[in-house]
Amino acid sequence: MSTVASTPQTLTDKGLGYKTHTIGGFTFARDEYFAHIFYPGGRHIVPIDAFLRSLMRDVAWGFFYGTVNFDNIFGTVNHYGTVEMFIGLFNEAYRSGNRHHVETFESKDLKKVFEEMLDDWVHEGFDPFAAPAETGTPFGAKKGSNRKAITRQRLVANRMVGLAGDLAYRDEKQFPLNRSFQDIPTDKPEIHAEPGFEKDVHAYNFFNYVARSDVTWNPSVVSCVKDSQFCATTEEHILPIIHGNDRVEWFIQATDEIIWDVDDRATGKPRAKVVMKAGDVAAMPADIRHRGYSPKRSILIVWENNDATLPQQYASGKLTPYPVEF
Ligand code: PHB
Ligand code: FE
């Protein structure tokens, strides 16, 4: 029986095969069940399955838009070139007790450490992008690695899926229809373009494309017009991050149901529960954080505005945090 508190060193010395990862004042160590985060002023602990799923998204999305909260304590804020890593920055109790801690890094430096940690901590049989029911366990001592799963690139169409030279359709062999979408229609749309416009008119079966995604909570850009990005994704279980917006984003629920927790971005105080059924459309305001729950695999379209001037326009109050007044 040990009466001594664990430290990065004692965790590393357990002989589980995992390394400790350090950047600035932050040190990350893992054991069988948890990620341990040590920082000047304290320590934090996150279940390893949740931690790896969040880390995977933060890496794959290049720190995403705005804030990626791994939970209500730890996360990153994207400043598009630099990134803040924080403890308690958006937690009312940590802030009012002055117990928060924030450090700024060059994005490429933090990305490197996160990638190394992911590579070291994700072992054989666990895919952080997969639904929990479709993958193995991340728990226990290190065994092998799963580089194929963690180096997947986010899919981004230049203009639209299926156009010449753009993202290709998904075939049954490489991307079988997911078990939850066996009932979706897979027929092709008919295209009747005026002569001379054959290259400009395009349509494809969106459901047949998205329902073949082998990952969850990982929007891929399926069509893009200037800053308007249509990002489609299949969702099952819990969105691994709590996303703090720096702009408005729209959700279109294409199938099934997602239940969203919507909280104040700065404090985490609950603001709304949004239950979205197939066909529902919602705008997530620019001053909230949100996390979705999808009991059955569902298709969601996330409509993002990629305009780089938006965070400043919302932060300065030039734009209201909500997009429409009724
Ligand atoms: C979001 O934060 O808005 C988000 C992220 C990933 C998803 C869906 C929504 O798959
Ligand atoms: Fe979001």
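Everything quoted here is computed from the prediction, not taken from an experiment. Ligands are counted one by one from 1 in listed order, and the atoms in each one are counted from 1 as well.
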Provide the number and element of each atom of ligand 1 under 4.0 Å from a heavy atom of [X].
X: N218; value: 10 (O)
X: P219; value: 6 (C), 7 (C), 10 (O)
X: E235; value: 7 (C), 8 (C), 10 (O)
X: F251; value: 3 (O)

Which residue owns the protein heavy atom closest to [atom], what's the atom, and how far is it?
atom: atom 1 (C) of ligand 1; answer: H290 NE2, 3.4 Å
atom: atom 9 (C) of ligand 1; answer: V302 CG2, 3.8 Å
atom: atom 4 (C) of ligand 1; answer: L239 CD2, 4.1 Å

Practice task
Determine the minimum heavy-atom distance between E249 and V302, stating which atoms define it.
Solution key: OE1-CG1, 3.4 Å

Practice task
Measure from NZ or CZ of R170 to the centre of the six-membered ring of Y209, then state whether that distance is under 6.0 Å and the direction lies within 45° of the axis.
Solution key: yes

Using a strict cut-off of less than 4.0 Å between a Lys/Arg side-chain nitrogen and an Asp/Glu carboxylate oxygen, indicate whether [X] and [Y] qualify as a salt bridge.
X: D307; Y: R247; answer: no
X: K14; Y: E32; answer: yes
X: D256; Y: R297; answer: no

Exercise for the section: Carefully, step by step, assess E92 and K269 under the rule salt bridge (charged side-chain N to carboxylate O under 4.0 Å, His left out). Expected result: CA-CA 8 Å; E92 200 171 31; K269 279 189 182 155; 3.5 Å; yes

Practice task
Consider only side-chain N and O atoms of H243 and N69, and report whether a donor and an acceptor are under 3.5 Å apart.
Solution key: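 No, no side-chain donor-acceptor pair sits under 3.5 Å.
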
Problem - Among K273, R291, R289, R271, side-chain hydrogen bond (donor to acceptor under 3.5 Å, both in side chains) partner for D261 - result: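 The side-chain hydrogen bond (donor to acceptor under 3.5 Å, both in side chains) with D261 is passed solely by K273 among K273, R291, R289, R271.
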
Practice task
Could you establish whether M284 and ligand 1 come within less than 4.0 Å of each other, counting only heavy atoms on the residue side?
Solution key: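 No, that is not the case, since the closest heavy atom of the residue is not under 4.0 Å from the ligand.
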
Practice task
Decide whether the shortest distance between a heavy atom of W303 and an atom of ligand 1 is less than 4.0 Å.
Solution key: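 No, W303 has no heavy atom closer than 4.0 Å to ligand 1.
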
Handout entry: Metal site angle (apex the Fe ion (ligand 2)), ND1 from H243 and OE2 from E249, 10 degrees
Key =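 If I round to 10°, I get 110°.
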
Problem - Heteroatom proximity flag, E249 to ligand 1, N/O under 3.5 Å - result: yes

